[in-house]
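In what follows, chains carry the letters A, B, and so on, assigned in the order in which the sequence lines appear, proteins first and then strands, with residues in each chain numbered from 1.
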Number of protein chains: 2
Amino acid sequence: MVKSKNTEEKILDSAREIFMMKGFEGARMQEIADHAGINKALLHYYFRSKEKLFASIFNKILSQIGPAMLTFINEEIPLEVKIWKFVDSYLELMKKFPRMPLFIINEISINPERIIGHLNFSDFLDLRKLEKILHDEHGKGRIIAVDVKHFIVNIIGLTVFPLAAKIIIQRNLQIQNDEWHQFIEERKKVIPETIMGWLKNMD
Amino acid sequence: MVKSKNTEEKILDSAREIFMMKGFEGARMQEIADHAGINKALLHYYFRSKEKLFASIFNKILSQIGPAMLTFINEEIPLEVKIWKFVDSYLELMKKFPRMPLFIINEISINPERIIGHLNFSDFLDLRKLEKILHDEHGKGRIIAVDVKHFIVNIIGLTVFPLAAKIIIQRNLQIQNDEWHQFIEERKKVIPETIMGWLKNMD
DNA sequence: GTCTATAAAGGGATAGAC
DNA sequence: GTCTATCCCTTTATAGAC
């Protein structure tokens with residue numbers, strides 16, 4: 001139950017919470033209303049339908065992810081620092097909303113039509129610019145030649161996967177709740193090490 | 001519509017298809033029945049409830065994943081070959097059921113209670129044995145010292161993430177459907193390279 | 001075993017009072 | 001803006017004929 005906020009904010013906060021926990025299909029308007037401390041009718045008064053309420057929070061969420069990728073590419077800093085900054089800012093953002101990565105991947109995969117138009121990372125991530133950076137670094141003999149697509153998938157996979165699969169990883173690797181935070185902190189070091197080890201593997 | 005199979009098999013095949021596509025909450029018994037070419041009542045005749053039908057296919061699916069991990073650890077082969085074998089067998093298995101990884105991660109995360117008991121990778125993956133291998137290799141000066149947990153998360157993340165986030169990756173990296181297969185084939189080489197580059201980064 | 005018909009419950013949405 | 005009461009369609013599940 002959220003306090004000292006106007007009704008619309010309370011609804012949006014509760015909707016985000018419940019939708020992230022249960023997904024679109026599993027979420028119940030009644031549960032969202034209860035969580036916000038109001039009744040169902042008010043939800044419809046403010047957002048007309050479940051679909052529209054969902055769209056509202058989904059847009060909000062996606063707009064928060066872009067900035068985390070901006071620093072990755074645009075600043076004039078060494079490649080290694082770019083990677084470190086991306087991993088750090090992404091993992092920090094996800095501390096607030098740990099269910100966000102899985103939620104986004106799943107909702108888009110189940111219902112891509114609902115999302116069309118919101119899914120453009122090209123605003124934040126200029127593939128060609130990144131490709132040029134990798135190409136130049138290789139030209140200077142600093143790194144091996146790599147495909148920019150695998151470069152991106154590697155970094156994002158190493159960063160996002162443990163968050164998305166948190167429960168499975170915790171159970172199978174026997175990481176208790178109070179150790180999880182530490183594990184994620186370690187990844188801030190491990191991920192850049194992994195990527196740079198790969199890029200500098202010059203045998 | 002599935003043909004030339006007994007009714008129970010038709011139901012299980014259809015249920016797997018629909019559940020994987022829509023998730024537990026999004027799936028409809030009617031849709032499963034239509035897909036199997038029968039009517040709703042028969043679903044209940046064979047499996048009593050949606051929950052039980054879901055449990056049946058979920059168990060079946062999880063039991064197919066274990067073996068892909070077995071080769072990874074038990075065979076007496078070099079570490080690099082182990083990694084290669086894991087990635088190869090896992091990606092091959094997922095060609096048949098591309099939605100499996102995301103489906104499993106999501107259903108377990110949304111409803112861990114329903115799954116308890118099926119989630120024990122320790123049958124296939126002996127952490128201590130793997131830890132010993134990494135420790136010995138490090139002792140021989142062949143690799144750097146790494147935490148076995150990050151080792152596993154790295155390998156699985158690099159392998160599973162692109163499958164789970166397929167649609168998002170395809171759209172943002174502009175990979176067409178007919179190029180996706182090629183992209184996954186490339187990863188069979190990229191992932192072992194990434195891991196080994198990390199492990200052998202001896203500066 | 002398989003079907004049609006229907007019960008029973010769930011859940012999104014609206015009407016109307018305050 | 002916020003509430004209660006209620007509508008009504010959807011969906012799971014069962015009854016009963018064949």
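Not a single donor-acceptor pair, N or O on each side, falls under 3.5 Å between the base of C:dG11 and the side chain of A:Lys40.
Within the nucleic acid shown, B:Tyr46 comes within 4.0 Å of sugar-phosphate atoms alone, with no base atom in reach, counting heavy atoms only. Looking at heavy-atom distances under 4.0 Å, B:Ala33 makes no contact with the nucleic acid at all.
One interatomic measurement links the two molecules: CD of B:Glu25 to C1' of D:dT12, which rounds to 12 Å at whole-angstrom precision. Separating the CG atom of A:Leu42 from the C1' atom of D:dT4 is a distance of 12 Å, rounded to the nearest angstrom. To the nearest angstrom, P of D:dG1 lies 9 Å from CD of A:Glu8. Atom NZ in B:Lys52 sits about 13 Å away from atom C1' in D:dT12, given to the nearest Å. We find that NZ of B:Lys50 is positioned 18 Å from P of C:dA9, with the value rounded to whole Å. Rounded to whole Å, atom C1' of C:dC3 lies 13 Å from atom CG of B:Leu43.
Set against D:dT4, C:dT2, C:dG12, the side chain of B:Tyr45 has C:dT2 as its closest nucleotide. Set against D:dT2, C:dC3, D:dT12, the side chain of A:Thr7 has D:dT2 as its closest nucleotide. Among the nucleotides D:dC3, C:dC3, D:dA13, the one closest to any side-chain atom of B:Ala41 is C:dC3.
A salt bridge links A:Glu92 and A:Lys95; the closest N-O separation between the charged side-chain nitrogens and carboxylate oxygens is under 4.0 Å.
Toward the 5′ end of DNA chain C lies the nearest nucleotide of A:Arg28, the other residue of the pair A:Arg28 and A:Arg48 mapping further downstream.
Using cut-offs of 30° and 60° for the angle between ring planes, the A:Phe24 and A:Phe54 rings count as perpendicular.
A:Lys50 contributes a side-chain N or O that, together with a main-chain N or O of A:Ala27, makes up a donor-acceptor pair within less than 3.5 Å.
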